[in-house]
There are 2 protein chains.
Amino acid sequence: MSNIDHFELLFNPKNVAVVGATANETKVGAMVVTNIRACGYTKEIFCVNPSEKYKTRKIFGLKVYQNLTSIPSQVDLATIVVPPDAVVSSLEDCVDAGIHAAVIITAGFKEVDEDREKIQDDLVRVSKKGNIKFVGPNSMGIYSSANRESPLHAGMGFMTPGPGDISIASQSGSFGTMLCNYLKNIRYFISTGNEASILMEDYIEYFGRDPGTKIISIFVEGLRDARKFHRIAKEIALKKPIVFFKAGVTKGGKRAASSHTASIGGSEEIYSGLFKQNGILRADEMDELIFLTKAAKFLYPYPKGNRVGILSGGGGFGVYLTDSCEKGGLIVPQVTDPDLISRIGKYLPFYWSRNNPIDTVATWDFSVFPKILKIILDYEGFDIILTQCMAGMGDFFANYKPMDPYGIKRKEIMVEMFQKLESKLAKKQISIVTSNPNKTTVLIAPGFSPANPVFDLYDDAQVLVTSNPKGTIDILRKLIEYRKFLENNNAI
Amino acid sequence: MSNIDHFELLFNPKNVAVVGATANETKVGAMVVTNIRACGYTKEIFCVNPSEKYKTRKIFGLKVYQNLTSIPSQVDLATIVVPPDAVVSSLEDCVDAGIHAAVIITAGFKEVDEDREKIQDDLVRVSKKGNIKFVGPNSMGIYSSANRESPLHAGMGFMTPGPGDISIASQSGSFGTMLCNYLKNIRYFISTGNEASILMEDYIEYFGRDPGTKIISIFVEGLRDARKFHRIAKEIALKKPIVFFKAGVTKGGKRAASSHTASIGGSEEIYSGLFKQNGILRADEMDELIFLTKAAKFLYPYPKGNRVGILSGGGGFGVYLTDSCEKGGLIVPQVTDPDLISRIGKYLPFYWSRNNPIDTVATWDFSVFPKILKIILDYEGFDIILTQCMAGMGDFFANYKPMDPYGIKRKEIMVEMFQKLESKLAKKQISIVTSNPNKTTVLIAPGFSPANPVFDLYDDAQVLVTSNPKGTIDILRKLIEYRKFLENNNAI
């Protein structure tokens, strides 16, 4: 019985049961069933609900069982969505049915008060006695694409992740949902909840060993076993990047964290030391967690140096980008190479700046962007190229409100033109960037919106588009430091 | 002749001439004409182009004149869009036609090199001799709603500002365009260009005196007359907020600025001192320039204190918001008031946190948000309320890619539901916030996109929606400091 691979059951189950399934769309039990189907899971799903009405009715076309033991097959994974006071007996039912892995979505345990903490202790007792390991309680669920043809999203929340190689573990459902929705290409996602049975550190260790995980992205309010994390972190970080967000770093934040996931905060100094020693890519803002994870994936091999070439469509934006680089420890070197100047100059009006940042002087001939981009990507004096991303302009123009017929007509022409132009330019920009994988290129789209599907083009090609200069520089600096960590440890 | 009010001619001209107008839509001369029409200008527009073909053809339905002197009326304002080498003679033509105000869009002067600087000097000579003042050269143009029934956008660039009370002067066309597009309700917009005739300091002084200007928003690479700025800044700041962005603060940034608008950088210490002494609201990032300007307008009267009440839809987000507040010098006080706890608790599951941040525990009953918002707005223990904005969720769901028919159906239902729900909730949220003008409330929408028209609802009601916690806290801290400046100077 001790040979059971609980993670294999959790991440690659041959079937899944939903205890507390319902056809009432306003309930979490309905959302979990729909999510399992919507993500592309093709294997068997057993709905469990003892209610009289489900003796005759189905749930979203699926047969309903009165209890786990009446399911004819051996169940690999149970998802538990029953009310709080029924969770212990549901877990006991799992044990009776010979199930060894579960995801407990239901909340209302240790995070509430001492009385409810005792019920969580009961869960732990049942799990140890019955050799069943579980995610949660108070978890939003899990996603796994261990089987790419039949990925599983056993959880609540609105997300439709697709198979990929980023593994996420989050003590926050909202952050976890956001990560899945922005990053899209997911290997595993775990909303760890109260971690009564499986700890955050266990997931990280598993991701570290998993060959299908290339990047690890973590949201933590408090680690339970910082020693274990310290033991495993560096070894993993030398093989694959770990992007780590620590919430609850201030006094108020720690208090809030303790009532959210009942976690122990630990001092900022301990975490900061842990991260520095172990080559952890620490994110300081919510946006940074998303973009640093994307960057760790898209920008490999990481920048060798900190010399930035800037190609901007407006002078002020170029000056601001230069400030942002230099404030953040990157260098925007002067360019005096007459050959480079003359090659770029061919595409620009005589009054261009003849230096770095390279300002296209608000030209309306957008075809010069990819042409100049190609020239500066070949130039040896830059390690990193920052340039503007045209995508999203069509949407922006669509929101204009011109007042007269000529203005309205021009708006219509421009929106149509830009929607065509932006995907054409995007493809050209993407093809140039991907043909130069040894130079780090980042595109900045000030009006970036994750809801705009035009940005999918860049994601699919693994070309990084970010939303603001400061965040971009922070990410680049961290990747340069990470590269140094790898070099110093002979891992590169 | 010295009694001419050049600013009156510039901002409230009874007609406008476009020297270099053309019907060729790819040229700036066409864009300027369309922009003048598109913004709602109802007065006379004279197109000037000596080309043979325009003897018979019109430009966007407008009659074309061979030169300025052949225009039958006295022209108030000339917009000059001719090639660089024809600008001096065009300005001379203006003088011959008795015109006393001009906007020079054409670039290619002092910002290029010494030879071109001499041509700019010629412009200054012509202007002094002929008593004509001009914006630019190398300007993107101006917008004025001094006459609200006939606002004027004499410039290039893509924007459709509407009448309002924010006045903007920018040494960057790209920043200026962005400000106009985000802020929408504009009194004056000036792209100052090379400032050969009218200086940035002159515009600021004018905005300071103008009763129609309630907020001043400034982008500067370098001030020419820092003494004048120092003389006027505090007096203005005591009457209306000046939001100021200084680019070119690093070595590289200064170099870039000098080739962009030929400005003299000045040391960071000088600017920093100038801003502190004079109550200037300094923005440090591009986003902050936009949102601090909006906040200066929407959040009046500014927060009296720094005690923040947080209402969040997810625990992790609440912890992160709390960290952001406390890192940024705001306080998230504990809440022990049993009455408040019990009033909020009525709307939440038993396992809610019973403290501040108030976490709605990922409830799907979105109607609890406005209900709890109302309760905490009445509570005396908070100066500021931060909460989530639901707008934009419909767009986000629309980008989901579910795999099976049940998932697809649910997505369709959710998108429709959210698009209805978000505007319903928005209206409710807006009505609650606007009924409590003495408490500072900010809504945070992590997926905020200016291209999404749903956010117009909030703008129209002057309710602030921001995109990220850190930026929001920075803005609030600056407004608290500004309020102290006003109090210390007995201006409030």
Side-chain angles (χ1 to χ4, degrees), chain A residues 34 37-40 60 107-108 111-112 158 160 171-175 219 221 247-253 256-257 259-260 285-287 314-320 322-323 326-327 332 351 353 355 357 359 362 395-397 399-404 406-407 410 447 449-451 453 468 470, chain B residues 34 37-40 60 107-108 111-112 158 160 171-175 219 221 247-253 256-257 259-260 285-287 314-320 322-323 326-327 332 351 353 355 357 359 362 395-397 399-404 406-407 410 447 449-451 453 468 470:
Chain A
T34 340
R37 304 192 55 142
C39 69
F60 306 122
E111 77 278 14
V112 182
F158 255 97
T160 55
Q171 285 175 351
S172 153
S174 43
F175 271 75
F219 174 97
E221 293 182 353
V249 294
T250 62
K251 208 177 137 198
S259 63
H260 176 222
E285 299 295 331
M286 182 176 71
D287 280 18
F317 195 68
V319 177
Y320 168 53
T322 305
D323 275 342
E326 300 210 342
K327 276 188 202 170
V332 183
Y351 49 84
S353 66
N355 209 328
D359 172 16
D395 264 23
F396 211 92
F397 288 136
N399 203 14
Y400 284 174
K401 296 167 187 69
M403 306 283 286
D404 94 324
Y406 288 94
R410 185 173 62 136
S449 157
N468 72 74
K470 179 167 183 314
Chain B
T34 340
R37 304 194 54 145
C39 68
F60 307 122
E111 77 279 15
V112 181
F158 255 97
T160 56
Q171 285 175 350
S172 153
S174 43
F175 271 75
F219 174 97
E221 293 182 354
V249 294
T250 63
K251 209 178 138 198
S259 63
H260 176 222
E285 301 294 330
M286 180 177 72
D287 279 20
F317 195 68
V319 177
Y320 168 53
T322 305
D323 275 341
E326 300 210 341
K327 275 188 202 171
V332 182
Y351 50 86
S353 66
N355 210 329
D359 172 16
D395 263 22
F396 211 92
F397 289 136
N399 203 13
Y400 283 173
K401 296 167 188 71
M403 306 282 287
D404 94 323
Y406 287 94
R410 186 172 61 136
S449 157
N468 72 74
K470 178 168 185 313

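So that the names make sense, note that chain A is the first sequence line, chain B the second, and so on, each numbered from 1. Excluded from the calculations below are hydrogen atoms, water molecules and symmetry mates; all remaining heavy atoms, backbone and side chain alike, are included.
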Comparing A/Gly407, A/Cys39, A/Gly252 against chain B, the one with the most heavy-atom pairs below 4.5 Å turns out to be A/Gly252
Quick one: which of A/Thr34, A/Thr250, A/Asp287 has the most heavy-atom pairs under 4.5 Å with chain B, could you say? A/Thr250
Which heavy atom of [X] sits nearest a heavy atom of [Y], and at what distance?
X	Y	value
B/Met286	A/Phe317	SD-CE1, 3.5 Å
A/Glu326	B/Lys251	OE1-N, 3.7 Å
B/Ala256	A/Thr322	CB-OG1, 4.2 Å
A/Ser174	B/Gly314	OG-CA, 3.9 Å
A/Val319	B/Ala247	CG1-CB, 3.8 Å

Heavy-atom side-chain proximity of B/Val249 to A/Lys327 below 4.5 angstrom: yes
B/Phe175 versus chain A, heavy atoms under 4.5 Å apart: side chain, backbone, both or neither? side chain
Let me confirm one number: the CZ-OG1 distance from A/Arg410 to B/Thr160, rounded to the nearest 0.5 Å. 9.5 Å
